[in-house]
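Residue numbers begin at 1 in each chain, while the letters A, B, ... track the order of the sequences.
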Number of protein chains: 2
Amino acid sequence: MAASIKEVAQRAGVSLGTVSNVLNRPDIVSPETRKRVQEAIEELGFVRNDSARQLRAGRSRTVAIVVLDVSNPFFTDVVRGAESIVEGAGGMVVVCNSGGDAAREHRHLDVLEEQRVQGILVTPVSDGKQPRLDRIVTRGIPVVLVDRGAGLANQCSVAVDDVLGGRIAAEHLAERGHRRIAFVGGPLALRQVTDRRTGAETALAELGLPAPLVVETPMLSVSAGRQAADEIVALPSTRRPTAIFCANDLVALGVLQALTAHGLKVPDDIALVGYDDIEFAAGAAVPLSSVRQPREQLGRTAAQLLLEESTDPEHHEHRHVVFQPELAVRQSSERKRRRVR
Amino acid sequence: MAASIKEVAQRAGVSLGTVSNVLNRPDIVSPETRKRVQEAIEELGFVRNDSARQLRAGRSRTVAIVVLDVSNPFFTDVVRGAESIVEGAGGMVVVCNSGGDAAREHRHLDVLEEQRVQGILVTPVSDGKQPRLDRIVTRGIPVVLVDRGAGLANQCSVAVDDVLGGRIAAEHLAERGHRRIAFVGGPLALRQVTDRRTGAETALAELGLPAPLVVETPMLSVSAGRQAADEIVALPSTRRPTAIFCANDLVALGVLQALTAHGLKVPDDIALVGYDDIEFAAGAAVPLSSVRQPREQLGRTAAQLLLEESTDPEHHEHRHVVFQPELAVRQSSERKRRRVR
DNA sequence: CCTCGTTTGTGAAACGTTTCATGCAACGGA
DNA sequence: TCCGTTGCATGAAACGTTTCACAAACGAGG
């Protein structure tokens, strides 16, 4: 059933090595033999056994990307960016989902290490030391951290300046005349979340404005956003913020939905700014202002760094690429009508 | 650098086979030797080489799922369902994205075949004959079709009755008093799309209502939905539908956004029903009525069928599981106010 | 005619596992 | 004492490739 190179050789009346040559260096074998071999391959429905190939050759053409949340459009866009580069180089991308769970992340990394993949792009669940990643790196498998500032120096990283992103969002809202601003997102243990918060707080402090009300959520999801908005709506109107900056767009969409359900108008009653600029942000019924990250670019760059290190590990120097976010201004943070009129 | 079983054996002062036994059948080796071996493994940082293991053992613990669109939350939920089952059985899921492109789908399937994965869950791009899939099946790799009625009998499939789904949506809108109903979605070559349309048309015909206006979109995305809505808004109000049934939620969200932008109220001016009931549907600013598919359940069942076939190919009989969709009624299709009041 | 280089094909070794037949020692029962 | 078991470890074969040193055939140049 599973035809091997040996049977192909037999059928084509050539040696085993010749078949391998047809497969890997077709140019060094004469046209006629090549043809005969190819016919045999065709007839037998032969398909290379990648395990054997990899065992002998030591290399794999598979790049893995381990994402925090496969349901978050932000990550699927990063994946698409990585795919475009890796497939262009003749490789293949597989996606693994940690779902924010450290145990699952570990399981995935273990299996990927056993598989000796060509390299791993990963947004780790936690920020601390990563003995697993370190071991993988010392084994010679390149690792690139995605959307995570590089703590350690033994791997490349690509990220977006989240502190700047938070700053931009806060300055935008301040410039629109808002004084009472809330920050919604969590868990605060996530680096991305704290960076965005820090940026916003710093900017407000510099402008002499009060620190934002921080509402922590258990995760970055639509439903978490909805619950947070319920809390905010329950505040007495004198303390209720006039603007909310959310740690990502999923949360912002949840907030938007809950505010609307409570009869509050966005942006007239409360302005809203999200983060990531996923497609659903622009498509929301009140189009969402959002801090845009170059999502696909993030994936592309990460993949490029990985391939670079993989191709020439000797001369490779680890790099840390940081992109600048920019604000996409939409209706959810338009100037309040009462001020315009 | 890459410690092998042989070096572990040497260090522990045992034979090569004993190390393998510690790894695979720890119970048949005496506690003391086991301990010595495990220490050696620890000290050398040994990690099994999966290529060699697989080459020899013939089996893999990796299940692949090839999805049409990794950015569509519908598929990410199916993935999560499959993950829960496969990981429960000690396996691992990798996700491959065809992006609706037949060539990429083929590339992925080829590589997966070379890798001799344990099995493949796939929503194929096209409906016709699938020589590649047939070959994979004859090689002994189980394949389960996801969200695709089974044309051929040589594999299992799980799907949702899309004709019924279309019927449910149409009957719901008719019951709400709508007479002029539009269907938005495409490309019409996609089985899912035509089934949903057929169901709607059949239902309307049975009720003696006029056939729906069909607006075909080039793909099932938010932006495609926006463009389709622009077309509909441009119609003279006497011909303009009072309700729109969309082939999926992404399209429906686009339609919703465009209608709102044109100043039309949902559901008062135009009612809206989507399909899939993704999380963003309930979270939209006008919560979207939607035909719910058991997304995770779809993934779970597919994975179960796959593992079943994989475990016991002899006694396995291919099955075709069809789920019933149900309607989640929300604000976007509430009874028109002018009729209620 | 000899030598040399080129082109093309060969055969065996090696990659790191798993598996299986076999060896060896110790033990209990008759 | 002998035999049959039992428990544990061994060593070699096999999985399907890639790679590499080498051989065969051939023509060209001296």
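Side-chain contact check for B/N49 and A/E114: no donor-acceptor pair (N or O, by modelled atom type) lies under 3.5 Å. A donor-acceptor pair shorter than 3.5 Å cannot be found between the side chains of A/E105 and A/S98.
Across all strands shown, A/S20 has heavy atoms under 4.0 Å from base atoms, whether or not it also approaches the sugar-phosphate. Within the nucleic acid shown, A/D50 has no heavy atom closer than 4.0 Å to any nucleic acid atom.
Of the charged side-chain nitrogens involved, at least one lies within less than 4.0 Å of a carboxylate oxygen, so that B/E83 and A/R104 count as a salt-bridged pair. One finds a salt bridge joining B/R132 and B/D110 here, because a Lys/Arg side-chain nitrogen approaches an Asp/Glu carboxylate oxygen to under 4.0 Å.
Residue A/R36 qualifies as enclosed at atom CZ: its count of foreign heavy atoms under 6.0 Å is above 12. Annotation for A/R319: atom CZ does not count as buried by contact number, only 12 or fewer foreign heavy atoms lying within 6.0 Å.
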Apply ring pair (Phe, Tyr, Trp, His ring centres under 6.0 Å) to B/H320 and B/H318, showing your working. CA-CA 7 Å; B/H320 304 282; B/H318 295 311; 7.5 Å; no

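Taking the six-membered ring wherever Trp is involved, the centroid distance between the rings of A/H106 and A/H108 does not fall below 6.0 Å.
The main-chain N or O of B/Q293 is never found under 3.5 Å from a side-chain atom of B/Q297 such that the two would form a donor-acceptor pair.
A heavy-atom distance below 4.0 Å to DNA chain D is reached by these residues of residues 26-40 of chain B, ordered by number: B/V29, B/S30, B/T33. A heavy atom closer than 4.0 Å to some atom of DNA chain C occurs in A/L55, A/R56, these being the qualifying members of residues 51-60 of chain A.
Residues A/L23 and B/N21 each lie close to DNA chain D; by heavy-atom proximity, the contact nearer the 5' end of the strand is made by B/N21.
Of all non-hydrogen atoms in A/E309 and A/P142, the two that sit nearest each other are CD-CB, 3.5 Å.
The span of DNA chain D lying next to chain B, judged by atoms under 4.0 Å from heavy atoms, is bounded 5' to 3' by D/dC8 to D/dG16.
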